[in-house]
Amino acid sequence: MCAAIAEEILDGGAAAPDHEIAIIGTGFAGLGMAVRLKQQGRDDFVIFEREPEIGGTWYLNHYPGCACDVPSHLYSFSFEPNPDWTRLFAPQPEIRAYLERCVDKYGLRDHIRLDSEVSEARFDEDTGLWHLRAGGRSVTARSVVAGLGPLTRPAYPDIPGIERFRGETFHSQQWDHDCDLAGKRVAVIGTGASAIQFVPQIAPDVQRLHLFQRTPPWIMPKPDHPIGRRMRKRFRRRPGRQRFLRRFIYWFLEARVLGFVVSPRLMKLMEHQARRHLRRQVPDPVLREKLTPDYTLGCKRVLISEDYYPTLSRENVDLETEGVREITETGLVTGDGREIEVDVMIFGTGFQATEPVPRGMIFGRGGRDIVDAWADGVEAYKGTTVSGYPNFYLMTGPNTGLGHSSMVFMIESQIEYVLGALRTLRRRDLKFLDVRPEAQREYNEWLQARLAGTIWNTGGCRSWYLDANGKNVTLWPGFTWQFRLMTRRFDAARYERAPLTAGRAMPVATNAG
Ligand code: NAP
């Protein structure tokens with residue numbers, strides 16, 4: 001007791017937190033952050049995970065055919081190359097196993113608290129500490145790194161009667177493997193990145209598959225192939241080869257930014273390739289017509305598949321394009337009034353991507369809910385910090401998403417930025433760092449101006465990249481190396497800095513910590 005008081009006096013009255021850093025989530029973001037902290041010799045962190053196992057999105061999504069649509073030699077940590085990927089696009093179980101190996105190799109297991117949902121995090125300006133409710137317990141932390149994942153909260157369509165259906169029903173992210181689809185009549189709603197992976201897997205088993213398409217996606221060939229044992233051995237023996245492949249994939253994908261951002265007209269080349277893919281795989285002109293998009297390629301996420309189009313030509317698959325008027329106890333009524341009875345209804349309807357944090361979870365200065373701070377649309381400074389939410393870092397935050405390359409690259413950029421902030425906090429003995437409102441405003445004005453001419457804003461489609469007001473709050477409008485350059489050094493001058501020992505914020509300085 002006396003020692004605690006003495007410590008507090010020496011500390012200038014500052015309370016010591018239970019943990020210096022609380023990380024939320026064990027996906028690529030949370031684990032990547034933890035590994036880099038360990039590599040810097042820091043042990044003063046805890047990782048809270050809502051689920052009973054680690055992996056984030058790669059734990060949650062386990063639908064049939066679930067795989068990454070970015071080549072795995074790039075979609076992995078730069079500090080942890082994996083020579084053992086068995087395919088160019090690794091399936092979900094391999095990616096999950098990779099993350100498990102990272103946990104063990106870097107000694108993260110003891111830091112992880114499973115089944116510990118962070119239901120609330122509240123900032124106390126007096127102490128500069130965050131008070132968290134995690135797994136029903138109260139803990140404090142000086143800094144919070146939120147690796148919540150941009151695509152974890154399922155979105156359901158607002159179709160009248162959705163609650164009335166009496167058969168079995170689930171979302172692609174909550175796949176019910178106990179539900180035997182063999183011989184059943186199944187409706188799938190949605191034709192996005194998830195659906196085009198699981199539809200070919202379930203179609204051969206079901207009696208009849210009614211696939212409800214609202215907007216046809218652009219689909220390119222998927223250059224997937226197994227990576228043989230000999231090649232994997234070579235990667236292991238000569239890591240330089242694997243590094244070369246990673247760089248090659250990186251720059252190949254990066255070239256697409258020219259079409260997305262610089263000149264959307266360049267997308268015509270890719271459209272040509274996608275149309276040829278469709279012609280080759282769908283001989284029926286009526287079906288082909290239904291599958292041909294009427295917006296510029298790239299406006300929505302470009303999908304890749306070799307087995308989706310052929311599946312739609314199966315005798316037991318119906319592509320429904322008239323929409324769903326309502327859902328009944330026994331099935332659906334289509335837009336043109338047809339009643340379709342089904343046993344199972346699967347929602348491949350995506351996620352609440354434009355609302356990255358649920359209401360009632362994060363409270364900053366003055367007890368303000370972060371959702372209220374975003375009344376005019378979700379935004380952050382460099383996709384990572386939000387004014388009024390000191391020492392709080394959002395991984396895969398607003399406008400850090402990609403339509404063309406690996407999110408792990410963006411995550412690693414953010415990690416280095418956050419490490420810089422944490423170093424600044426420590427070295428300068430600060431209570432907190434809070435990004436200045438004008439820094440956030442200027443950054444977002446610049447960002448939105450850049451987004452205005454991109455294909456996502458002008459390509460003639462409706463996508464989850466844009467919020468209800470048509471503001472693009474999800475995507476990074478540029479090359480990923482530009483984001484890397486922007487985040488490589490923590491720019492303390494753009495932050496209000498409150499010292500631990502005094503009640504006043506420090507004046508603006510120009511050097512990063
Ligand atoms: P999504 O891409 O958002 O697709 C949702 C689908 O549901 C769309 O076809 C959408 O139609 C349809 N939909 C939504 N509301 C509807 C309604 N009321 N009525 C009819 N249809 C409706 O979701 P997702 O397929 O789950 O993929 C989400 C994201 O996860 C992807 O974009 C990608 O970033 C990520 N993902 C990645 C991988 C990977 O391999 N790395 C795999 C799967 C998913 P509209 O197009 O008309 O809106």
Side-chain angles (χ1 to χ4, degrees), residues 27-28 56-58 60-72 74-76 87-92 94-96 149-162 170-175 187-199 201 210-220 222 224 253 290-291 293-295 298-305 308 319-327 332-335 345-354 396 400-410 456 459-466 468 474-476:
F28 270 97
T57 197
W58 295 105
L60 287 169
N61 285 283
H62 42 71
Y63 55 78
C66 183
C68 189
D69 59 10
V70 176
S72 298
L74 180 63
Y75 192 89
S76 41
R87 302 194 70 85
L88 191 59
F89 297 88
Q92 174 263 346
E94 260 186 59
I95 304 172
R96 225 189 115 193
L151 303 169
T152 47
R153 293 189 298 137
Y156 289 88
D158 55 352
I159 299 172
I162 188 165
F170 50 88
H171 187 276
S172 64
Q173 193 215 43
Q174 294 152 345
W175 197 273
V188 171
I189 301 181
T191 55
S194 304
I196 72 148
Q197 290 184 337
F198 70 73
V199 162
Q201 301 295 314
H210 300 274
L211 176 60
F212 287 86
Q213 169 189 280
R214 187 165 65 179
T215 316
W218 282 104
I219 301 179
M220 302 282 288
K222 183 173 184 178
D224 195 14
L253 295 180
K290 287 184 183 179
L291 289 168
D294 63 357
Y295 55 89
C299 183
K300 284 170 177 285
R301 189 178 174 92
V302 183
L303 308 184
I304 50 175
S305 176
Y308 177 69
L319 182 69
E320 307 283 356
T321 55
E322 304 299 331
V324 185
R325 184 186 293 169
E326 74 172 290
I327 293 175
L332 313 92
V333 181
T334 62
M345 201 176 293
I346 304 173
F347 293 99
T349 42
F351 300 91
Q352 302 174 41
T354 55
T396 63
T400 59
L402 300 176
H404 72 286
S405 187
S406 168
M407 272 313 288
V408 183
F409 185 92
M410 298 298 272
W456 310 300
C461 76
R462 178 174 61 173
S463 78
W464 59 261
Y465 295 154
L466 312 183
T474 53
L475 291 182
W476 167 247

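When a ligand or atom number is given, it counts from 1 through the structure's own listing order. The chain is numbered in sequence order, starting from 1.
For Phe351 and His171, the gap between ring centers is short of 6.0 Å.
Gln173 contributes no side-chain N or O that, together with a main-chain N or O of Asn61, makes up a donor-acceptor pair within less than 3.5 Å. A donor-acceptor pair under 3.5 Å links the side-chain atoms of Trp456 to the main chain of Gly298, judged by distance alone. In this structure a side-chain-to-backbone donor-acceptor pair under 3.5 Å is missing from Thr191 to Pro216. Between the side chain of Ser72 and the backbone N or O of Ala90 there is at least one donor-acceptor pair closer than 3.5 Å. A distance-only check finds a donor-acceptor pair linking the side chain of Lys290 to the backbone of Leu319 [under 3.5 Å].
The heavy atom nearest to atom 45 (P) of ligand 1, out of those in Glu320, Lys300, Arg301, Arg462, is found in Lys300. For the residues Asp69, Ile189, Ile95, the heavy atom positioned nearest atom 38 (C) of ligand 1 is part of Asp69. The residue from Val188, Thr474, Thr215 that puts a heavy atom closest to atom 47 (O) of ligand 1 is Thr215.
Closest to atom 10 (C) of ligand 1, if we only count protein heavy atoms, is Arg214 NH2, 4.3 Å. Counting only heavy atoms of the protein, atom 4 (O) of ligand 1 lies nearest to Gly192 CA, 3.5 Å. What sits closest to atom 12 (C) of ligand 1 on the protein, heavy atoms only, is Gly190 CA, 3.6 Å. For atom 26 (O) of ligand 1, the closest non-hydrogen atom of the protein is Ser194 OG, 2.7 Å. If you check which protein heavy atom lies closest to atom 6 (C) of ligand 1, you get Gly348 O, 3.2 Å.
Put simply, the side chain of Leu253 does not reach to within 4.5 Å of the side chain of Leu402, judged on heavy atoms.
Interface of Leu151 with ligand 1, defined as ligand atoms under 4.0 Å from a residue heavy atom, comprises 29 (C), 30 (O), 34 (O), 35 (C). In summary, the atoms of ligand 1 found under 4.0 Å from a heavy atom of Gly350, numbered by their order in the structure, are 3 (O), 5 (C), 23 (O), 24 (P), 26 (O). Short contacts between ligand 1 and Tyr63, defined as distances under 4.0 Å to a heavy atom of the residue, involve ligand atoms 42 (C), 43 (C).
Across every non-hydrogen atom of Tyr63 and Gln197, the tightest pair is OH-OE1, 2.6 Å.
Annotation: Ala193 places an N or O atom under 3.5 Å from an N or O atom of ligand 1; distance criterion only.
Under a 4.0 Å heavy-atom criterion, Gln197 is in contact with ligand 1.
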